[in-house]
Amino acid sequence: EMEKDGKITPAERETALAFDIRAHLVQRSDTAYARSPYLLYAIIDAAAEALAEDDLRAQGIDPDRRDDPDVRPLWEELLEKRERDVLTKGYHITTTIDKTLFDAFEAIARDDNNFWTNPPAYTAANGKRVDHPVQQVGAVLIDNRTGAILAFIGGRDFKKSKINFAFEPRSPGSAAKPVLAYAPALEEGVLLSPDVFVDDAPIVLADGGKEFAPANYDRRFHGLVPARQALAQSYNIPAIKLSLAVGLPKVIDYGRRMGLQHLVPGDEHSSTAAIGGLAHGTSVAELTQAYSVFPNGGRLIPSYMIERIADGQGRTIYQHERREIPVLSEETAYLMNDMLTSVMTSGTGASIRQAMERAHGRRALAGKTGTSDNYEDIWFVGYTPTLTLGVWTGFEVKGMKLGGYPPKNARTLWPILMNKVLEIKPELSPKDAAFPKAKEIVQMSACVVSGKLPTDACREGGWVKTIAFNKKYLPTVPDD
C-alpha cells in the first residue's frame, strides 16, 4: 500500500521485505528484579532510609527518634518521598554487598537439601489451616570491623513469599539471653564473673494478672550452677533472674543501645524478655548487629548496606560515615566472649563448632542458640573476631508447634553458610584472629557460690577457685 501511495519506491519495498526483524531485536536480558528480588527491594528500602535519616538530621532531629509520636508522621512523609526519588531519579547506589557471597548464600537457600523437606500441615494461631508449609530462612552476615552487611538471605523463593525474613522481626527465644540478661548483669555488677554460681530454682512470675512458673527446656531445675554453664546449656531461669535483678527498664535500654530496634515500652514490663518474651521480637539483622558488640570490645558499630548514593550527574548526595558507639565496657565484652565461647565448646553450639573445625580447622568462635515456644523459631547467632552471622529458620505463618528440633534448622544451616564464606573469602576471617583483651580483667581466688572472698567454710566445701573479674567489681568482703 505504501508503494501504491508513492510513499516508498519499489526498491525500498524489496529492501524492507528482505530485512530480518528477528535478527535485529534487542536480546532479552534478566532484570535486577528477576535475578535478585530480595536484594533489589532491600537496597531500595535501605537507600530511602539513609536519605530520609539525613533529612531528619538536617532538621535537627535525631533519627533514633523516628518512632516518637511527634516525629513519626514527618519520618513517614520523608521516607515515602525518598522511596520515590530512589525509583525515579536515576541514582547510582553503591552497596556493601559482596555479590559473590550473596549469590552463594542464595544458592544455599534454594537447595532443598539444606531444609526440612516435608513439614506437617498445621493450624495457625488465627485458626487457618496451613497445608504444605515451607520452612523459611533469614540470615545476615556483618563485617564487625566496619558494620558492613556483606550478604543476607531474605527467604528461599521470592515467588512463594515476598517477606524478607532477614529484616522481619520474630521471637528470638534464648538468643536474647546474652543481650538482655548476661551482658547487662556483668556490666552492672549483678553477675560478678562467668564462674560465679547462679540459682536455677523455680520462680513464680506475674503475667497479665496471672501467675506462672517458667521452666527450662529439659523440664528440670539444676540448683546452683556456674553462670557459664547456665548460658552454655541455655537454662531459662537464671537468665530471667539476672534480668530482674538488673531491672527490666535498664535491660531493655541496653538492648536498644545495642541496636534492637523493635523493642517497645511494653517490653520493659515483660518478665520473660530475657528469653524472648518481647512484643514484636527482633529481626535477624538487628540481633546480629547486637552480637557484634561483643567481638568489637563493647562498641556498637552500626550495621549498614548503603555505602554511597550519587545523583544522575555523579554528584554524591549520601556517603556512609562509620561510627563507634560505646555500649559496654571492654571488660564486659571480654567476659561475654569467654562465656559464648563456652557455648561452642561445651554447650548447645558444640555441634556447630565441630562442623566448622572439620572444614576449616580451629579458630576463635562464639555464639548462642535460640528457640521460641514449641520450637517455632530457631536461631543461631555466632561470630569470629571479624565476622558475625545470624540465622533464623521458621515458618511464615505462626502456629507450627513442634516437640523438638526439626531435622534441618538454623543450627545445621549456620556452619554451611560460614564454611562457604571461609571457602570463598578466607581473608575475611583470619584463622589466627583472636577476641580483644581487656585491661581491667583480674584473675583472683574467690568463693564461687557468692563471688566474695574465700572463707574456711568455702574452702572446706571445695568452692574456692581462681576466676576472672572486672577489676571494678573485685570482691572486698568475705563470703558469709
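Under the 3.5 Å distance criterion, the side-chain polar atoms of Glu188 are left unmatched by any main-chain donor or acceptor of Val246. Not one N or O on the side chain of Ser429 forms a donor-acceptor pair closer than 3.5 Å with the backbone of Thr386. For Glu268 (side chain) and Leu248 (main-chain N/O), no donor-acceptor pair under 3.5 Å exists by modelled atom type. When atom types are taken as modelled, the side chain of Ser36 and the backbone of Leu39 share no donor-acceptor pair closer than 3.5 angstrom. No donor-acceptor pair under 3.5 Å is formed between the side chain of Gln319 and the backbone N or O of Arg308. Between the side chain of Asp54 and the main chain of Tyr318, no donor-acceptor pair closer than 3.5 Å is present. A donor-acceptor pair is defined here as one N or O able to donate and one able to accept, closer than 3.5 Å; no such pair exists between the side chain of Glu396 and the backbone of Ser161. Side-chain atoms of Asn144 come within 3.5 Å of backbone atoms of Thr384 as a donor-acceptor pair (strictly under, hydrogens ignored). Judged by distance alone, the side chain of Arg353 and the main-chain N or O of Ser346 form no donor-acceptor pair under 3.5 Å. Put simply, the side chain of Arg257 gets close to the backbone of Val327: a donor and an acceptor are under 3.5 Å apart.
For the side chain to side chain donor-acceptor pair (under 3.5 Å) with Trp392, the qualifying choice from Asp377, Thr282, Asn409 is Asp377, the only one to do so.
For the pair Ser271 and Ala206, the tightest heavy-atom approach, listed with the atom from each and the gap, is OG-O, 3.9 Å. In this structure, Phe165 and Val137 approach most closely via the heavy-atom pair CB-O, 3.5 Å. The shortest heavy-atom contact between Asn337 and Pro436 is ND2-CD, 4.3 Å. Between Ile378 and Ala410, the closest heavy-atom pair is O-CB, 3.3 Å. Between Ala109 and Gly155, the closest heavy-atom pair is CB-O, 4.0 Å. Scanning both residues, Ile252 and Ala273, for their nearest heavy atoms gives CD1-CB, 4.2 Å.
Looking at residues two or more places apart in sequence or on another chain, you find a salt bridge (Lys or Arg N to Asp or Glu O under 4.0 Å) between Lys425 and Asp98. Applying the side-chain contact (heavy atoms from CB on, under 4.5 Å) test to Asp64 and every residue at least two apart in sequence or in another chain returns Asp62. Every residue two or more places apart in sequence or in another chain that forms a side-chain contact (heavy atoms from CB on, under 4.5 Å) with Gln229 is listed here: Val225, Pro226, Gln233, Tyr235.
Salt-bridge formation is detected for the pair Glu49/Arg66: a Lys NZ or Arg NE/NH1/NH2 atom is positioned less than 4.0 Å from an Asp or Glu carboxylate oxygen. With respect to Arg65 and Asp68, a salt bridge is recorded, a charged nitrogen being found less than 4.0 Å from a carboxylate O. The pair Arg363-Asp432 does not count as a salt bridge, with every side-chain nitrogen at least 4.0 angstrom from each carboxylate oxygen. A salt bridge does not link Glu80 to Arg82: none of the charged nitrogens lies less than 4.0 Å from a carboxylate oxygen. Using a 4.0 Å cut-off between a side-chain N of Lys or Arg and a carboxylate O of Asp or Glu, Asp55 and Lys81 do not qualify as a salt bridge.
The closest side-chain heavy-atom distance from Leu300 to Met258 is not below 4.5 Å. Between Arg170 and Ser283 the shortest side-chain heavy-atom distance does not fall below 4.5 Å. Within the 4.5 Å cutoff, the side chain of Asn114 has no heavy atoms near those of the Lys408 side chain. Residues Leu402 and Asn374 form no side-chain contact, since every pair of their non-hydrogen atoms from C-beta on lies 4.5 Å or further apart. Residues Lys420 and Ile108 meet the side-chain proximity criterion, which asks for heavy atoms closer than 4.5 Å.
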I'd like to know whether Asn236 forms a side-chain hydrogen bond (donor to acceptor under 3.5 Å, both in side chains) with Lys177, so could you lay out the CA-CA distance, the side-chain angles of the two residues, the decisive distance to 0.1 Å, and finally the verdict.
CA-CA 9 Å; Asn236 290 332; Lys177 291 173 182 173; 2.9 Å; yes
Test side chain to side chain contact (heavy atoms under 4.5 Å, CB included) on Leu244 and Leu205 and set out the steps.
CA-CA 11 Å; Leu244 293 175; Leu205 303 172; 3.9 Å; yes
Would you check, one step at a time, whether the test salt bridge (Lys or Arg N to Asp or Glu O under 4.0 Å) holds for Arg110 with Asp157?
CA-CA 7 Å; Arg110 287 192 300 268; Asp157 187 342; over 6 Å; no
Should Lys401 and Asp373 be marked as a salt bridge (Lys or Arg N to Asp or Glu O under 4.0 Å) after you check the CA-CA gap, both sets of side-chain angles, and the distance that decides it?
CA-CA 8 Å; Lys401 292 179 171 58; Asp373 288 345; over 6 Å; no
Could you walk me through whether Arg323 and Glu321 pass the salt bridge (Lys or Arg N to Asp or Glu O under 4.0 Å) check?
CA-CA 6 Å; Arg323 294 183 297 150; Glu321 294 182 4; over 6 Å; no
After noting the C-alpha distance and the side-chain angles of Lys368 and Ser234, does the key distance pass the side-chain hydrogen bond (donor to acceptor under 3.5 Å, both in side chains) rule?
CA-CA 9 Å; Lys368 182 69 184 75; Ser234 203; 2.8 Å; yes
Please report the C-alpha distance between Asn216 and Asp218 in whole Å, then the side-chain angles of each, then the deciding distance to 0.1 Å, and finally whether the side-chain hydrogen bond (donor to acceptor under 3.5 Å, both in side chains) criterion is met.
CA-CA 5 Å; Asn216 294 316; Asp218 61 359; 4.5 Å; no
For Phe294 and Tyr182: C-alpha separation, side-chain torsions, deciding distance, then whether ring pair (Phe, Tyr, Trp, His ring centres under 6.0 Å) applies.
CA-CA 12 Å; Phe294 303 136; Tyr182 286 91; over 10 Å; no
May I have the step-by-step check of side-chain hydrogen bond (donor to acceptor under 3.5 Å, both in side chains) for Thr348 and Thr369, ending in yes or no?
CA-CA 7 Å; Thr348 55; Thr369 54; 2.8 Å; yes
Stepwise ring pair (Phe, Tyr, Trp, His ring centres under 6.0 Å) check, Phe167 with Phe152:
CA-CA 10 Å; Phe167 302 96; Phe152 69 85; 5.5 Å; yes
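Note that CG of Asp311 is 8.5 Å distant from OG1 of Thr316, once rounded to the nearest 0.5 Å. Note that OG1 of Thr94 is 14.0 Å distant from CE of Met305, once rounded to the nearest 0.5 Å. Interatomic distance, OG1 of Thr288 versus CG of Leu387, reported as 12.0 Å (0.5 Å rounding). A distance of 11.0 Å separates CD in Glu53 from CD1 in Ile306, rounded to the nearest 0.5 Å. Note that the CD atom of Glu423 and the CG atom of Leu101 stand 10.5 Å from one another [nearest 0.5 Å].
Taking the centre of each ring, Tyr405 and Tyr375 come in below the 6.0 Å mark.
No side-chain donor from either of Glu106 and Tyr38 sits under 3.5 Å from a side-chain acceptor of the other. Between the side chains of Ser303 and Gln289, a donor-acceptor pair is found at a separation under 3.5 Å. Side-chain contact, Thr332 with Glu187: a donor N or O sits under 3.5 Å from an acceptor N or O.
Ring geometry for Tyr304 against His320 counts as parallel: the plane angle stays under 30°, on a 0 to 90° scale with 60° as the upper cut.
Annotation: cation-pi pair Lys99/Phe102 absent, no NZ/CZ under 6.0 Å from the ring centroid and within 45° of its normal. The cationic group of Arg129 does not satisfy the cation-pi geometry with Tyr122, failing either the under 6.0 Å distance to the six-membered ring centre or the 45° limit from the ring axis.
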